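These notes are about the structure you will find just below.
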Number of protein chains: 2
Amino acid sequence: MASYADGMSYHHGDLRRALLAAAAEAIAEDGPAALSLRDLARRAGVSHAAPAHHFGDKKGLLTALAAEGFEELAAALRQAWASTGSFLELGVAYVRFATTRRAHFEVMWRPDLYHADDPALVAARERSGEALYSGVADLPDGGAGGGRGQVRETGLAAWSLAHGFATLWLSGSLPDMPELPDEVARAVLRHLTHDV
Amino acid sequence: MASYADGMSYHHGDLRRALLAAAAEAIAEDGPAALSLRDLARRAGVSHAAPAHHFGDKKGLLTALAAEGFEELAAALRQAWASTGSFLELGVAYVRFATTRRAHFEVMWRPDLYHADDPALVAARERSGEALYSGVADLPDGGAGGGRGQVRETGLAAWSLAHGFATLWLSGSLPDMPELPDEVARAVLRHLTHDV
DNA sequence: CGGGGAATCTTGTCAGTGACAAGTTTGGAG
DNA sequence: CTCCAAACTTGTCACTGACAAGATTCCCCG
């Protein structure tokens with residue numbers, strides 16, 4: 001298996017990337033709990049100890065996966081904000097990321113699974129946070145109503161709403177949902193108000 | 001260890017309950033991923049195979065834990081609704097349950113960890129759902145605005161908001177938070193609106 | 001009271017897993 | 001061409017979950 005580059009060789013060539021992709025696939029299917037480093041190695045056609053060389057241990061691999069996820073989320077949010085300028089669409093993009101990059105999203109919010117103090121991960125997470133809060137000030141009367149505390153609270157409420165919907169959707173708690181819940185998410189997110 | 005009843009004997013006496021309590025404690029400390037049946041057995045002072053008799057397998061134990069959680073959540077929500085009659089306080093009670101019964105809550109929304117079709121669990125989950133939606137119709141103009149679909153959507157938004165805040169809090173994504181986030185939760189939940 | 005079935009718990013075992021140690025192969029800089 | 005470092009392998013160990021078979025205890029029914 002694995003038709004990478006020019007046939008099988010002692011050096012895989014792109015093992016790190018292959019392992020991350022295989023991990024994302026496996027997690028999306030059976031959840032993070034069922035993930036096995038040895039199974040990933042088998043899928044990639046390498047020995048059982050090969051993954052350790054790139055990631056150290058299991059938490060190391062999930063750290064890389066989470067960091068990748070935070071990077072992608074930041075990019076998706078920036079893109080949504082740049083192209084629509086709508087706070088609502090920022091939330092929709094958040095939900096879309098959760099549903100399309102399910103494995104990454106699930107790992108990202110489970111810090112007990114990875115090395116939460118990894119520098120690269122921390123940086124990526126902060127970039128996500130900035131992108132997430134970039135649109136808060138744009139809410140009508142967002143900055144005027146009650147100062148910075150008010151902005152922060154509204155942002156937290158928006159984040160909670162989008163995050164909660166995504167989480168419930170991923171857990172299968174919402175029956176009778178369409179394949180891609182973008183439209184439902186939009187409707188739900190509209191229930192956020194800035195003035196309390 | 002384990003000063004149950006009248007000293008140690010071949011029959012533990014209340015092993016099932018002891019295992020569930022130990023599991024909740026272990027999960028609250030290190031997350032569901034680190035849970036070990038053999039470790040639970042050691043804590044309870046029984047052999048490594050004793051848990052299997054009561055729960056079948058690991059998923060069986062987590063099924064029981066999740067069912068217990070859904071029962072408790074339903075009770076807490078009913079209690080909150082009965083004593084306050086406030087939709088807002090229903091959400092606060094939801095968040096309080098998540099933070100005070102952390103282990104149960106975390107497992108409940110991770111169906112890949114348990115037998116999601118277990119009859120007792122399904123029943124308990126439905127009781128939770130009923131208690132959760134019991135207050136939706138009470139929202140101002142909740143029933144009049146747009147019929148059943150509107151009520152369902154508002155309920156989903158409220159659930160998402162409370163669930164998202166609780167989840168983010170549990171994941172440690174919200175720095176600078178008080179020990180018990182009741183008051184913050186109340187403030188955040190006030191950002192829900194029924195009219196879109 | 002007392003026999004016996006059933007519930008509870010034990011010991012023993014097996015394959016799979018993550019982590020680590022030590023050795024092998026390969027690429028590439030000088 | 002040499003040699004070093006990176007990439008990967010084989011080998012091993014403790015631990016885990018699951019299962020099988022046996023031991024102990026409870027309690028119901030006569």
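Here is how names work: the chains are called A, B, and so on, in the same order as the sequence lines, proteins then strands, and each is numbered from 1. In this text, all values refer to a predicted model and were calculated from it rather than measured experimentally.
Put simply, S47(A) has no side-chain N or O that comes within less than 4.0 Å of OP1 or OP2 on dT10(D). Residue H54(A) places at least one side-chain N or O closer than 4.0 Å to OP1 or OP2 of dC8(D). Phosphate proximity of dC15(D) to S36(B): absent, as no side-chain N or O sits under 4.0 Å from OP1 or OP2. Remark: R42(B) is in phosphate contact with dT16(D), judged by side-chain N or O atoms under 4.0 Å from OP1 or OP2. Phosphate proximity of dC9(C) to H53(B): absent, as no side-chain N or O sits under 4.0 Å from OP1 or OP2.
When distances run from any side-chain atom of H48(B) to the nucleotides dT13(C), dT12(D), dG18(C), the shortest one goes to dT13(C).
The CG atom of D57(B) sits 9 Å away from the C1' atom of dG17(D) (whole-angstrom rounding). Going from atom CZ of F55(A) over to atom P of dA7(D) covers 12 Å, rounded to whole Å. One can place CZ of R38(A) at 16 Å from P of dC15(D), the figure rounded to the nearest angstrom. What separates NZ of K58(B) from C1' of dT17(C) is a distance of 12 Å, to the nearest Å. The nearest whole Å value for the distance from the CG atom in L62(B) to the C1' atom in dG17(D) is 13 Å. A straight line from CG of L61(A) to P of dG18(C) spans 10 Å, rounded to a whole angstrom. A straight line from CG of L19(B) to P of dG17(D) spans 12 Å, rounded to a whole angstrom. In this structure, L35(B) atom CG and dA18(D) atom P are separated by 11 Å, rounded to whole Å.
A side-chain donor from one of H104(A) and E68(A) sits under 3.5 Å from a side-chain acceptor of the other.
The aromatic rings of Y94(A) and W109(A) sit tilted, their planes meeting at an angle between 30° and 60°. Taking the six-membered ring for Trp and thresholds of 30 and 60 degrees, H163(B) and F105(B) have ring planes inclined between 30 and 60 degrees apart.
Along DNA chain D, the nucleotide nearest to D39(B) and the one nearest to A49(B) differ in position, and the one closer to the 5' end is contacted by D39(B).
The two atoms that bring A166(A) and A98(A) nearest to each other are CB-CB, 3.6 Å, heavy atoms only.
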